[in-house]
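A short worksheet on the structure shown next.
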Amino acid sequence: MVKFSVRCGAEIRKRVNAVSKSKRSKYFCPACGKKKVKRKGFAVWTCRSCGTTFSGGAYAATTPIGEAGSKIIEDLKKS
Ligand SMILES: [Zn+2]
């Protein structure tokens, strides 16, 4: 019989720590610019200062893909 443990593998533990750290930390609000954004649910982020709720990454407020997307939208608005 094989028993599985949550603690098997140092690499997995490291990854779990990184994810839980980034989902607990605060982020800058895109609406008011204050560092008051906290994770509300899966990919849902809310600003504690102005009350803005927006979607973002699952475990971090912004993702590299999301940032690239908003840059493209800004460029399109300018032209
Ligand atoms: Zn805000």
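Index from 1, following the sequence.
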Quick one, Cys29 with Cys50, criterion side-chain contact (heavy atoms from CB on, under 4.5 Å). Give me CA distance, side-chain angles, the key distance, then yes/no. CA-CA 9 Å; Cys29 172; Cys50 66; 3.8 Å; yes
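Atom NZ of Lys34 is separated from atom CZ of Phe28 by 12.5 Å, given to the nearest 0.5 angstrom. If you take CZ on Phe54 and SG on Cys47, they are separated by 8.0 Å, rounding to the nearest 0.5 Å.
A pairwise comparison of heavy atoms in Ala31 and Thr52 identifies CB-OG1, 3.6 Å as the closest pair. The heavy-atom pair separating Lys35 from Lys26 by the smallest distance is CE-O, 3.6 Å.
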Under 3.5 Å, side-chain donor or acceptor atoms of residues 70-79 against the rest of the protein: list the pairs with distances, not counting sequence neighbours.
residue: Ser70; atom: OG; partner: Gly66; partner atom: O; Å: 3.1
residue: Ser70; atom: OG; partner: Glu67; partner atom: O; Å: 3.0
residue: Ser79; atom: OG; partner: Asp75; partner atom: O; Å: 3.4
residue: Ser79; atom: OG; partner: Leu76; partner atom: O; Å: 3.3

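Under the rule for a side chain to side chain contact (heavy atoms under 4.5 Å, CB included), Ala18 has no partner lying at least two apart in sequence or in another chain. Qualifying side chain to side chain contact (heavy atoms under 4.5 Å, CB included) partners for Val44, counting only residues two or more places apart in sequence or in other chains: Lys40, Thr53.
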